[in-house]
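As structure tokens, the structure follows; a few thoughts come after it.
Both counts, for ligands and for their atoms, begin at 1 and track the order of listing.
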Amino acid sequence: MDEVDGRILARLRAGAWVSGAALGEELGLSRVAVGKRVAGLKRAGFDITAARRRGYHLVGEPDRLLPEVVQPRLTTARFGRTLRYLAECGSTNDEAAAWARAGAPEGAVVVAERQTAGRGRAGRAWFSPPGESLYCSLVLRPPVPPAAVPPLTLCAGIAIHEALGALGARPDLKWPNDVLLDGKKVCGILTEMSSDVERVHYVILGLGLNVNGRAFPAALADRATSLRLSRGPDAPPPARAAVLAEVLRRLEVWHDRFAAEGGAMVAREFAPRSSQLGRPVRVQLGDDVIAGVAAGLDTDGALLVARPSGATVRVIAGEVLLWD
Ligand code: BTN
């Protein structure tokens, strides 16, 4: 697909029927060339009908994350405006990191239909079957020192929480990097940074969001859900491109707020979106397990655990946390 295909799609989206002659004239193509282009779009999954004397009509778009499908839905200034679509890759985080090193602009996005080595935090694998979820990584270059970056993961959680809310769901945040629906994980965030002591080279913000999945492997079934499952069997499945556009919109807004206001804002905004704050918690700290109440977040993103003794323990992202 190329720019000419994109222009044909834009024209078809704008009008109920468009004649081959009008398309050809606007694009400087013969009617035969237009016919070939339309055949190519149909092969890519666009549902286009043709009728004599009326021309072409776009009936439906494929549920694929092609730039031609995603970008017309974007309302962002930067995020997703440069978008790389892969049918398959190891990990979109690795693809985005290689692209960042090669100079990808801030807000560049890699999406894949399927990952063969998708990964989560603490070396865990991320279940990445084809076609039903979002596997997406963004290149970010936040204008803050490396030590100030960790709350960005929490900030992304806030953005996704807001996006899912706008799509009619009722999400909940689980510190540090999970978004839940109905108490089960619907989205995980994996932030990876390249920096020297003083300067961030780039941050890769990877997110796996279960959109249309209907079944999970037995080991995940009681802990994972999808937007579709939480909507119930009668609701139409959300189009992944629409979900991605909404997520990118909110990520850009919250990223820019983070860049301007920093971690204190994140700590403030995370708390009311997480039902787990204020609740009892047990935290694994090395060989010890400490119990207390999840009291809130520190400005660097650490979880503050209030012990029965009155002392407060700071838990930094990356340590295992067991919620009671
Ligand atoms: C977690 O909850 O442990 C984080 C999961 C992050 C998964 C996403 S899927 C897209 C991106 N590529 C990866 O390999 N991981 C992240």
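The nearest non-hydrogen atom to atom 13 (C) of ligand 1, considering only Ser91, Ser128, Gly208, Ala96, comes from Ser91.
Heavy-atom proximity to Ser137, at under 4.0 Å, picks out these atoms of ligand 1: 11 (C). Distances below 4.0 Å separate heavy atoms of Gly118 from the following atoms of ligand 1: 14 (O). The contact set between ligand 1 and Gly120, taken as ligand atoms under 4.0 Å from a residue heavy atom, comprises 1 (C), 3 (O), 4 (C), 5 (C). Of all atoms in ligand 1, listed by their number and element, those nearer than 4.0 Å to a heavy atom of Thr92 are 10 (C), 11 (C), 12 (N).
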| task | Would you please test Leu297 and Val266 for side-chain contact (heavy atoms from CB on, under 4.5 Å) and show each step? | result | CA-CA 9 Å; Leu297 300 185; Val266 175; 5.7 Å; no

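Among all non-hydrogen protein atoms, the one lying nearest atom 3 (O) of ligand 1 is Arg121 N, 2.7 Å. Residue, atom and distance of the protein heavy atom nearest to atom 5 (C) of ligand 1 are Trp126 CE3, 3.4 Å. Looking only at heavy atoms of the protein, atom 2 (O) of ligand 1 is closest to Lys185 NZ, 2.5 Å.
A salt bridge does not link Arg170 to Asp182: none of the charged nitrogens lies less than 4.0 Å from a carboxylate oxygen.
Leu209 and Leu205 end up in the same hydrophobic cluster when Ile, Leu, Val, Met, Phe, Trp and Tyr side chains are linked at under 4.5 Å.
With 3.5 Å as the limit, one finds no donor-acceptor pair spanning the side chains of Arg114 and Tyr135. Under 3.5 Å, the side chains of Gln115 and Thr92 contain a donor-acceptor pair of N or O atoms.
With a 4.0 Å heavy-atom cut-off, ligand 1 is reached by the side chain of Gln115 but not by its N, CA, C or O. When heavy-atom distances to ligand 1 are checked against a 4.0 Å cut-off, Cys136 comes that close only through its backbone atoms N, CA, C and O. In Asn177, the part holding a heavy atom less than 4.0 Å from any atom of ligand 1 is the side chain.
Using a 4.0 Å cutoff on heavy atoms, Arg119 counts as a contact of ligand 1.
For the pair Leu207/Leu251, a side-chain contact is recorded, criterion being any heavy-atom separation below 4.5 Å from C-beta on. Taking the side chain as every heavy atom from C-beta outward, Leu167 and Val243 approach each other to under 4.5 Å. Considering only heavy atoms from C-beta on, Ile290 stays 4.5 Å or farther from Arg282 through its side chain.
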